[in-house]
Q: 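Sending over a structure as structure tokens; questions will come in a sec.
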Protein chains: 2
Amino acid sequence: MTGATIRDVARRAAVSVASVSRALNGLSSVHPDTRARVLAAAEALGYVPHAGARSLSLARTHAIGVVMPDLHGEFFSEVIRGLAGAASARGYHLILSNIDEGEDHMAAALRAMRGRVDGLVAMAPHVAPPAFAALLPPRLPTVTINTPDYAGGPALRVDNRGGAAAVARHFVTIGRKRFAHIAGPAINADALERRDGFAAALPAGTPIAMAEGDFTEAGGARAMAELLTTDAAIDAVFVANDMMALGALQTLRDAGRRIPQDVAVAGFDDVPLARYVSLTTLRVNMADLGGRAATRLIDALEGEGEGAGEVPTADLIVPPLIVRGTTVMEP
Amino acid sequence: MTGATIRDVARRAAVSVASVSRALNGLSSVHPDTRARVLAAAEALGYVPHAGARSLSLARTHAIGVVMPDLHGEFFSEVIRGLAGAASARGYHLILSNIDEGEDHMAAALRAMRGRVDGLVAMAPHVAPPAFAALLPPRLPTVTINTPDYAGGPALRVDNRGGAAAVARHFVTIGRKRFAHIAGPAINADALERRDGFAAALPAGTPIAMAEGDFTEAGGARAMAELLTTDAAIDAVFVANDMMALGALQTLRDAGRRIPQDVAVAGFDDVPLARYVSLTTLRVNMADLGGRAATRLIDALEGEGEGAGEVPTADLIVPPLIVRGTTVMEP
DNA sequence: TTGTATGCGTTATCAT
DNA sequence: ATGATAACGCATACAA
């Protein structure tokens with residue numbers, strides 16, 4: 001009931017299991033006749049190697065684990081897509097385990113990966129670095145994506161500060177004077193970096209009206225409404241992500257503000273919707289990030305023992321500023 | 001280098017591996033003192049059970065495999081999200097393997113699942129049923145999503161015909177007379193069902209101008225342009241999916257047609273963008289579909305041996321028609 | 001070239 | 001309650 005095993009094939013081909021293994025794995029030292037008999041027997045029995053047993057024997061699973069919170073949906077999906085593509089191209093599987101439900105659940109998910117994967121790709125922008133490092137199974141190669149400086153291995157990060165700074169400079173260039181920022185959750189590392197990067201790139205001492213959202217469209221709308229009551233004179237608002245920016249735009253329009261004449265708005269992420277509403281934003285290609293992460297991890301996994309330079313480099317991916325109709329008039 | 005094993009723990013706690021296993025898995029028959037010693041030793045060594053070995057011994061992986069093409073992006077992501085949520089809630093992992101690159105690659109991916117998962121969730125709207133069935137590893141419980149009637153197990157399907165029929169009736173209700181349809185790829189089962197369902201629900205003998213797209217926005221635009229040259233008088237077009245509908249809308253507007261006064265347009269899927277462009281469409285909740293699939297599979301996996309009724313039922317999920325501004329004037 | 005035997009890490013059976 | 005040991009399915013030294 002569990003399918004034919006290598007022993008069944010051996011029996012049918014009248015050879016030893018060792019020969020079956022060798023024949024099926026294409027080892028050179030096996031007589032053509034033997035190989036033929038084995039192949040025929042395997043075919044006849046519909047034999048499929050048992051990946052689990054193979055992994056145990058080889059100490060190699062050809063799978064990479066992915067741990068990340070289900071946070072703002074768009075990302076999750078894009079990263080997975082990139083990961084899956086790159087992994088699949090190199091013959092690796094992806095093992096998913098989302099970690100919404102609290103830190104203990106997350107610890108369990110992380111532990112369950114041992115013996116199941118060769119390495120890990122982790123994304124946890126909301127957890128304190130030390131806690132996260134402690135949760136990781138020891139000796140499991142890991143590359144992190146947008147995770148607050150975890151020093152345990154290669155890391156891929158979006159240049160949040162640089163992106164935010166580009167927006168600040170853009171606002172100044174188009175002559176804006178009264179700035180506002182709608183930030184993401186304070187526990188989110190990306191959110192903090194975007195806020196700080198924006199502030200740091202404006203002329204020293206420039207006041208910035210602040211509000212905090214939750215990365216959702218509704219949250220952005222609420223935050224914008226809040227800003228309008230406290231600082232009605234603003235003429236440029238940088239929103240920490242696109243979804244909130246969409247909400248903010250709606251609130252502004254409902255309040256009779258013209259975009260971009262009265263108020264310029266910029267987001268972050270460049271979600272598919274951004275193009276449709278002509279939102280100025282920073283393009284972060286999450287699929288590409290996922291692909292890079294997978295490639296990087298697999299390179300490390302397969303290069304074990306040769307490369308002397310196992311330097312845990314941290315790549316900073318700079319998101320380009322996409323200028324659209326919410327900051328400048330369109331033709 | 002491979003982490004502490006159960007033997008290391010046994011040695012440190014000065015007990016047998018059997019006792020360690022029992023203590024760690026919470027079996028009753030183990031002395032409190034022993035359990036305490038084992039727990040302490042495991043903690044001290046940072047012991048994490050090896051999932052692979054555990055699976056081999058238990059003949060249970062607590063993982064479910066997911067095979068699907070990367071087709072039109074939105075879906076992929078949503079289904080995965082639903083699957084991951086439901087699986088995670090029941091303590092199962094997800095193993096991904098996308099199967100873009102040809103049928104042989106797909107066969108390999110399918111085979112590689114054996115010994116790695118307890119069951120499969122498969123979605124392959126583009127493959128002929130017999131071929132697909134042949135590829136599946138034998139004796140691996142499988143639930144399919146939107147896969148042309150594969151008779152081997154439970155199936156979840158979107159009611160494409162019913163949804164398309166609802167659009168047809170809606171068009172008639174709002175007084176349209178000259179119909180067109182932009183279909184998806186002819187090898188796609190969903191596409192065919194949508195086309196046929198639309199045609200069947202219109203009054204008998206009603207002519208329908210036809211064009212074929214590739215499920216992409218650009219493809220929809222091209223197909224629409226084509227229709228305009230051959231059948232300029234159309235006043236209602238049903239597009240096989242939302243992405244193509246977006247392209248079609250653009251083409252229509254560029255051609256000076258007013259929506260919905262001159263031409264009514266309806267899509268299929270209700271992607272996030274649909275709400276923004278106020279596109280009338282059918283809402284198919286792919287995340288929900290994924291969740292149901294996972295739940296269904298796990299129920300089957302864990303109910304083995306008890307339920308006499310292992311009937312491979314096929315659920316038809318009916319997508320509701322969401323009427324928006326591309327078919328009726330908005331307030 | 002081929003076969004025998006051992007190990008991968010864990011659980012479960014059977015004694016004790 | 002505990003320990004020795006045989007599976008689980010496969011790969012691979014080591015012999016032959």
Side-chain angles (χ1 to χ4, degrees), chain A residues 1-38 41-42 45-62 111-118 137-140, chain B residues 1-38 41-42 45-63 111-118 137 139-140:
Chain A
M1 50 197 84
T2 174
T5 79
I6 196 173
R7 252 183 292 264
D8 299 324
V9 179
R11 198 159 15 231
R12 189 175 227 271
V15 295
S16 73
V17 294
S19 288
V20 175
S21 176
R22 284 188 284 252
L24 260 32
N25 290 317
L27 292 227
S28 53
S29 56
V30 46
H31 193 90
D33 293 358
T34 307
R35 185 186 305 276
R37 282 224 308 288
V38 169
L45 293 171
Y47 170 72
V48 178
H50 190 288
R54 200 151 196 279
S55 300
L56 188 58
S57 184
L58 291 174
R60 219 124 188 9
T61 64
H62 270 270
R111 291 164 50 94
M113 287 292 185
R114 147 144 157 110
R116 209 185 274 279
V117 301
D118 294 333
R139 315 206 130 289
L140 198 51
Chain B
M1 49 197 84
T2 174
T5 80
I6 196 174
R7 251 182 291 264
D8 299 325
V9 178
R11 198 158 16 230
R12 189 174 225 272
V15 297
S16 72
V17 292
S19 288
V20 175
S21 177
R22 283 188 285 251
L24 260 32
N25 290 317
L27 293 225
S28 54
S29 58
V30 46
H31 193 90
D33 292 358
T34 307
R35 186 185 305 276
R37 282 223 308 289
V38 168
L45 293 171
Y47 170 72
V48 178
H50 189 287
R54 199 152 197 277
S55 300
L56 188 57
S57 185
L58 292 174
R60 219 128 187 8
T61 64
H62 270 274
R111 291 164 51 94
M113 286 293 184
R114 146 145 159 111
R116 209 187 274 280
V117 301
D118 294 333
R139 315 209 131 286
L140 197 50

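By convention in this document, chain letters (A, B, ...) are assigned in the order of the sequence lines, proteins followed by strands, and residues within each chain are numbered from 1. Keep in mind the model is a prediction, meaning the values are calculated, not measured.
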Q: Which whole-number value in Å describes the distance from Leu45(B) CG to dG9(C) C1'?
A: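 Roughly 15 Å, once rounded to whole Å.
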
Q: Which of these nucleotides, dT10(C), dG9(D), dT12(D), is closest to any side-chain atom of Thr5(B)?
A: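 Of the options given, the side chain of Thr5(B) lies nearest dT10(C).
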
Q: Go through residues 28-36 of chain B and report each residue with a non-hydrogen atom lying under 4.0 Å from DNA chain D, sorted by number.
A: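 Heavy-atom contacts with DNA chain D come from Ser29(B), Val30(B), His31(B), Thr34(B).
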
Q: When the distance from CG of Leu24(A) to C1' of dC10(D) is rounded to whole Å, what number comes out?
A: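 Nearest whole value for this atom pair: 11 Å.
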
Q: Check whether any side-chain nitrogen or oxygen of Arg54(B) sits under 4.0 Å from OP1 or OP2 of dT11(C), and answer yes or no.
A: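 Looking at the OP1 and OP2 atoms of dT11(C), one of them is under 4.0 Å from a side-chain N or O of Arg54(B).
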
Q: Report the residue (Ser19(B) or Leu56(A)) whose heavy-atom-nearest nucleotide on DNA chain D is the more 5′ of the two.
A: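 Its nucleotide being nearer the 5' end, the pick is Ser19(B).
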
Q: Is Arg114(B) side chain donor-acceptor paired with the dG9(D) base, going by distance under 3.5 Å alone?
A: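 Absent.
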
Q: Whole angstroms only, please: what is the CG-P distance between Leu27(B) and dA1(D)?
A: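 Rounded to whole Å, this separation is 11 Å.
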
Q: What's the spacing between Leu45(B) CG and Ile6(B) CD1 if we round to 0.5 Å?
A: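 Here the interatomic distance stands at 12.0 Å.
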
Q: Given axes from five pairs at either end, by how many degrees does the helix from dT1(C)-dA16(D) to dT16(C)-dA1(D) bend, rounded to 10°?
A: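 The helix from dT1(C)-dA16(D) to dT16(C)-dA1(D) shows an end-to-end axis angle of 40°.
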
Q: Rounding to a whole Å, what distance do you find between Arg22(B):CZ and dA4(D):P?
A: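 It is 11 Å, rounded to the nearest whole Å.
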
Q: Please report the distance, rounded to the nearest Å, between CD1 in Ile6(B) and C1' in dT10(C).
A: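 So the CD1-C1' distance, Ile6(B) to dT10(C), works out to 6 Å.
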
Q: Report the distance from atom CZ of Arg11(B) to atom P of dG9(C), rounded to the nearest whole Å.
A: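 In whole Å, dG9(C) P and Arg11(B) CZ are 12 Å from each other.
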
Q: Quick one: which of dT4(C), dG9(C), dG3(D) gets closest to the side chain of Arg7(B)?
A: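 For the Arg7(B) side chain, the nearest candidate turns out to be dG9(C).
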
Q: Answer yes or no: does a side-chain N or O of Ser57(A) lie under 4.0 Å from OP1 or OP2 of dC8(C)?
A: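 False: Ser57(A) side-chain N/O out of range (4.0 Å or more) of dC8(C) OP1/OP2.
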
Q: Give the rounded distance in Å between these two atoms: CZ of Arg116(B) and P of dC10(D).
A: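 Spelled out: CZ on Arg116(B) to P on dC10(D) is 13 Å.
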
Q: Can you measure Tyr47(B) atom OH to dG9(C) atom P for me and round it to whole angstrom units?
A: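 Value for this atom pair: 10 Å.
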
Q: Under 4.0 Å: is that the gap between some side-chain N or O of Ser16(A) and OP1 or OP2 of dT2(C)?
A: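 No, no such contact exists.
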
Q: Compare side-chain N and O positions of Ser21(B) against OP1 and OP2 of dT11(C) and report whether any pair is under 4.0 Å apart.
A: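 So the side-chain polar atoms of Ser21(B) do come within 4.0 Å of the phosphate oxygens OP1 or OP2 of dT11(C), strictly under.
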
